[in-house]
Structure formats: C-alpha cells, structure tokens
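None of the values given here were measured: they were computed from a predicted structure.
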There are 2 protein chains.
Amino acid sequence: MSARRSAGPTLKDVAAIAGVSYRTVSNVISGKAPVSAATRARVEAAVAELDYRPQLAARQLRVGRSNLLTLSVPFLSLPYFAQLAHAVVTAAEAVGYDVVVDETHGDPERELRAASGYRTLLSDGILLSAMSIGDEELMAARGRTPLVVLGERIRAARVDRVVVDSVTSTRDATAHLITAGRRTLGFLGTVPDASSGAAAADLRLEGFRTALRAAGLEADPRHLLEVSPWDQRSPDGDYSREEGHARVRALLAGPGGLAGLDGLVCANDLLAIGALRALREAGVDVPGRVAVVGWDDAPESAYTVPPLTSIAPDLGELARLAVASVLRLVDDPESPPRVEQAPYRLVPRASAPLIP
Amino acid sequence: MSARRSAGPTLKDVAAIAGVSYRTVSNVISGKAPVSAATRARVEAAVAELDYRPQLAARQLRVGRSNLLTLSVPFLSLPYFAQLAHAVVTAAEAVGYDVVVDETHGDPERELRAASGYRTLLSDGILLSAMSIGDEELMAARGRTPLVVLGERIRAARVDRVVVDSVTSTRDATAHLITAGRRTLGFLGTVPDASSGAAAADLRLEGFRTALRAAGLEADPRHLLEVSPWDQRSPDGDYSREEGHARVRALLAGPGGLAGLDGLVCANDLLAIGALRALREAGVDVPGRVAVVGWDDAPESAYTVPPLTSIAPDLGELARLAVASVLRLVDDPESPPRVEQAPYRLVPRASAPLIP
DNA sequence: GACCCGGGTTTCAACGTTGAAATCACGGGA
DNA sequence: TCCCGTGATTTCAACGTTGAAACCCGGGTC
C-alpha cells in the first residue's frame, strides 16, 4: 500500500464543523477582519477539536513570504559558529522568523550555492558567513534572495554586511600586551596565500602590526606563525586547537626556540588554546614568560589553564543587526547596501595580565 | 510606495521564452517525462537566461513535502548540542533534506510547542532533544508531524527514539576508574528532583551505582554532588562548567574536604571541566589524587589540563539513525515506533589513566 | 490503407491559503 | 418608511507547481 499524504485538516474541514464559510475561519485565525464573538467561539472550538494548523506552504504561496531565514556557516561545530547560530536563532525568533542552518564546510561551491539561494529557495533571506569565496564570485553568484554577509572576508561595497572590526580589535589586544610591558610579540594565524585564505586573519595581522608600529616595535618574522592551508576534510578547518598546538610546538622545536618571545597574539581562541597546550608541554610559563591573547571569547576560554584573555565580539548584537538588515532588504529590495559594525570588548584574564 | 512581492520568474515565463507549454518546462526540470533533446536545450537556455528557480512553496503545496526537518535542542551554544546539530545537518543533507534549528532554552512550553510542530508547520519531521518535559506531556502535545526523540529523557514506548545508553556507558566509565585502582568514587551531577530533572543524569547515576555494586563498593553520600535546579535565565543550564566548578569547590570547602575521594564521575564534560578547575585551584593533583571522567567527549576535552577521559557518543551515527527514523515515519505514518541505540566508546586520556 | 504504439507535448484540475470585492443583516437617521 | 452605513460574512480568483489524462504525430504492422 502506498503511503498516503498525511491528511491534516484544512480551513474547509474546520468551517464544516463550525458551520461557517472557510473564509470566516481564516478571518478568525488571522484576525484581519472582524468576527462576532459567537462565531469566533464556534470556530475556535472546531479548530481545537480538529487540532487544525495552517499549512504554511499555502500561505507562503499566497503571500510570498516564508518567515524563514537561512544561516550559512562553515562548521556548526566550531564554538564561534555555534555561538553565532545561537545568537541568530534568538534574534530571528524575536521577530517571528525561523532559521534554516546550512553548513558549507568552507567549500567554495557550497558557499556559492548558499549565496545564490539554491538549497534554500523558500527562505526570505540569507545570512552568509563566507570562508572561501571572494567578492567577485559572491556578487556573480548571488540571486534574488536578500543576502547579508557576516564577517570581513567579503569587502564588496555592493552587498550588505555586518562585521566586527578585526583590525582595531586585534590592535587593542596587541596594545594590551604592550601596555603590560611585552616587547617581543608574535602572531599565530597568518595564512599562506592571501587570496585563498581567510581575510579576517589578514585583517587581524594588520591590527597586530598597527599596534606594534604605534609602539615603535617590529615583529621578528620567525614569530609570525603561519597555519596550514585549508583542508576540506578536516572538520575543524585550519583555525583549530590542533593547528595552534602544532605551530607553536614547531616554533619551540625550531632553531631559535622562543627567541625572546614574550607575547603571542592569536587569530582566534582555538589557535590560542592549542598554543597554551604546546607552551605548557614545553614547560614555558604562561603568562610568566609568554602572555597569550585570543579572539572570539569562546565559552571554554574562561576555563583554560591559565584562563585566556580574548576579544569578545558582541554576537548578540551582530545577529540582531544582521537579521534587521536582511529584513530591511526583504521589505525593500532596492534598499542601498549598508555595512554595520557590531561592538566588541577585550576580556582580560590570567593569560595576559596587565601587571606582569 | 509599498514593497512589491519579489517577482521571480515562473514556469510560465520560462515557457514563453522557450516557446513551449509550461508543463514541458516542468518536465525538463523534474525529468519525470521524456523530452526531446532540442526542446530540452531551448528550455535550459531559457532557464539560464531568467535564472529561474522553482518555487518550493508551490511544489510543497502540490506534493505535500517540504524536504525540511526540524531539530529542536535546548541550547545550540552547548558543545554537545552544537556537535549534534552538526551531525544532524550533515545526515539530513545526505538524503536531500535541510534542517530548521529551533532552540527551546529548556523551556517546557517551548518543548511542547516543538513536539506539536507549532512553529515548524512546514517541516516534514521533528527531531526533539527534550530536557524539561516528560512522557505524558510529550504524548499529549505531539501532533501529526512525525517525531523522533533524541536522548533518554523520554521513555515512552509509543514514540520513536534514538538513544545512547547512559547506564552502560557510565558504568563503563566508572569501571574504568575501578580497574585503575580507584576505590572512593564520587558522582557529579545528581539532580534534586527526579521528575523535573534530566533523566539522562539519573541514568548515568544508575550506571555509576551499577559499576560500584559490581565491584562491591559503595559511594559516600557526601560524594554524590547535586547540581542546582535548572534556571531558565542561565544560558548554559545546570550542566555547565560554572556549576561543576561551584559544586566541587563547595565539596572541598566543606567539613570533610575530599574525604578520601580518589575518582570522580561527571554527568557531562562541562561539569568535569569545571571540576578540573576547582581541583586545580585547590592544589589537588589530577589524576594523582583524584581521577576524573566525563561524558560527551566535547572537542575541548582533549585540551583541558589534564586532558579529560570521556565517553564519546557516536553522534554521526545517532544523527543518521534519527534522520532515517523520521523519514521512515514520513513515508509510513503507521510504522510502529522503534527505539534505536547509537554506539559510544570510552576515550581514555590523562585525567584517568589506567596505571595510576 | 486502416490500425496501433509510444514518445513527445499539452490541457485540466487541484493543493490550501488570502486579498479584493460582493453580499447580507441590522439598526439609526431622515 | 426608506435609505444608508457599518459590521459580519461570503464569493471569487489567484499564488506556482505537479499528477492525471488527453492529445498529436510519425513509424511500424497486418
């Protein structure tokens, strides 16, 4: 026997029981038109009896809205994106929207498909956290669905974006180390090829350099630690704890060892957590000998040994701005693109105390 | 000026350009009916020219499927649920489904709403990870939408479930400590009120006790550490690092102190991570004096100090089983409910070595 | 040469909802 | 008494797609 379509009562079924036209039932449910108290009561009873639920597909077909947003991120399993997803779901819910989560695994093809709205045809808007694709590709691939880009990888002026300023935030983090008296600073997380790598990392490196310049310092090239190129098969990408661990261990094992390094700025918290482990394994005191700062303020960063000083982006605000932006585009597709900034703050912890 | 509906070309638009009936365009796209090579080419050209995308709402209305599943979890920001969401999205994608993520915050009302399918009317099935509601409530609230429950909180026979065996897994973890020579064991994560608390925690406690009994041991009641009741406002629930930290600190500060405790089984990794911090702060050597095991194998657990021994549920398999179950229900709503088990394994790390 | 077959294509209707406009009931004002 | 207005309700059509069935046409078959 073939599986029948799951029936489900319709407006007409409810109407039949309540003894009214199905349009009246619709009126009761939507509240758009006035309905007498008596009929309203009858209709509501019938709705309850049948456990009627409006069929969103039909409604969407009629009104052209699905009240669904798509959030596209590389990996939901990374703390940053998990937090982001949490924030976006919360922000969307506050305005009556649900969120479809799409994972791109950092695959350029999947990111393009996400930008085009391919798998998500029924969503009213797309929030895309890009990791592999560039401006031109994005602009070429985007479809009619309103799109807001999260993060600084994309810099095209013609698309809406919500960002946290990587340059100034990392500058602040670096300045924090300098204020604490650190003079020989390193950066963990440079990327081999600027075009294929994560742009945010470049910007953070730029912020690092800006702070050094402002203090009249310069970084030893040996202290700019490059991470491995992106690997599709790795579930964690190249900004992982493993990568941080491996890079710092390599530095320690290298000819110069630490070579006087007394402060390490990491492109994100996971790298920093890996770095902490490598330093600990080598018996290097943190923060005594080397101070460490991260970027993300992952929940676990308050529980590392020592607790990690980090840049905490305001993801709640980021999500609210992003949702507001995309809904603005839904209302008015002609609305000119904007770039909005979400705030951040430096969270000082023991890995980089102000008094050394 | 009112915002116009975002137009978007339809089958008819494509048909007009290609010079065929719109039904033929549909045939080309669905591939259900044979189409000559010539017309296929013309249609495909027209599709490309207009950048046509089928309107899923209309398709869904017609065929009664949305190819959308809803995953409902308490908090996406907790590592376990983030990993779970990742696994579910991946498993769903493999069979052509997208996933809508719903966060309940552990709110019973929201869990019931999720079970009923209220906010997710257009999804073909629901995967619910319940935290607050019980069997009867769930059975009363569930609607027509196929539902699969994840986890052991719900024990009703009349609903499909996919679980990881909490009792035997925690028994294994406890036995691991006993094998390593630990004799005075404690459990972190008992819940004050069995009915309102997390059932998984009860089962894990049961597994803990089973292992003790099998070894002829008994737990000192002082070593059964109860966590605070669930608090809606806390973003992390009662199974948090903070809670683990606070409870173990309280034990250490109490009259008996550790009182000989040499092994601690934790209901999840976050509690264990908090416990590790409290022990470290008090100068208690782990694993020298106290061995610690967790449950979850959160990614960060490999990077704690010392690295945490943990039970690793196979979430990939869990997700695949869950998706398969719910799709089976979609195909055949009458299909009798099943309970399926996902495997787990013990991941030994330094916090609980076999040789003390 | 009439008939059938089947690939290719089209016509028709329906999925469940809502905007727009028509209809109805009723009471108050002229 | 008649008309109007307003609140309440209904009729009508349409959103874009697909299942079912009809249609068309050229090539065998007898």
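Contact check, A:R59 against C:dT18: a side-chain N or O comes under 4.0 Å of OP1 or OP2. Listed pair A:T10 / C:dG16 fails the phosphate criterion, with no side-chain N or O lying under 4.0 Å from OP1 or OP2. Between A:S36 and the phosphate of D:dG7, there is no side-chain N or O to OP1/OP2 separation shorter than 4.0 Å. Applying the 4.0 Å criterion to OP1 and OP2 of D:dT18, one finds that B:S26 has a side-chain N or O inside that range. For A:T39 and D:dT9, the shortest distance from a side-chain N or O to OP1 or OP2 is below 4.0 Å.
Residues B:V100 and A:V99 form no side-chain contact, since every pair of their non-hydrogen atoms from C-beta on lies 4.5 Å or further apart. Residues A:L11 and A:Y52 have side chains in contact (heavy-atom distance under 4.5 Å, counting atoms from C-beta outward).
Contact annotation for A:T24: base contact, defined as any heavy-atom pair under 4.0 Å involving a base atom.
Closest non-hydrogen pair, B:D160 versus B:S325, comes out as OD2-OG, 4.1 Å. The two residues B:L71 and B:A85 have their closest heavy-atom pair at CD2-CA, 3.6 Å. Across every non-hydrogen atom of B:E103 and B:S77, the tightest pair is OE2-N, 4.1 Å. Shortest non-hydrogen contact noted between A:A18 and A:R42 is O-NE, 3.0 Å. Closest approach of A:R110 to A:T104, counting heavy atoms only: CD-O, 3.4 Å.
With the nearest nucleotide of DNA chain C identified for both B:A58 and B:A33, B:A33 has the one nearer the 5' end.
Fit an axis to the five pairs at each end of the helix from C:dG1-D:dC30 to C:dA30-D:dT1 and the two axes sit 70° apart, to the nearest 10 degrees.
Atom CZ of A:R53 and atom P of C:dC15 are 21 Å apart (whole Å). The distance from atom CG of A:L50 to atom C1' of C:dG16 is 15 Å, rounded to the nearest whole Å. Between the C1' atom of D:dA8 and the CZ atom of A:R40 lies a distance of 11 Å, rounded to the nearest Å. Here the C1' atom of nucleotide C:dC15 and the CD atom of B:Q60 are 11 Å apart, to the nearest Å. Rounded to whole Å, the distance from CZ on B:R65 to P on D:dG19 is 12 Å. Remark: C1' of D:dT17 and NZ of B:K32 are 13 Å apart, rounded to the nearest angstrom. Rounded to whole Å, atom P of C:dT18 lies 11 Å from atom OH of A:Y22. Atom CZ of A:R23 is separated from atom C1' of C:dA22 by 13 Å (rounded to the nearest Å).
In this view, A:S26 and A:R23 satisfy the side chain to side chain donor-acceptor pair (under 3.5 Å) rule, not counting sequence neighbours.
Between A:D331 and A:R65 a salt bridge is recorded (basic side-chain N to carboxylate O distance below 4.0 Å). A salt bridge does not link B:R158 to B:D135: none of the charged side-chain nitrogens sits closer than 4.0 Å to a carboxylate oxygen.
Nearest to the side chain of A:Q55, among C:dG19, C:dT17, C:dG8, sits C:dT17. Out of D:dT10, C:dG7, C:dA13, the shortest distance to the side chain of B:R62 is found at C:dA13.
Of the residues in residues 12-19 of chain A, none lies under 4.0 Å from DNA chain C by heavy-atom distance.
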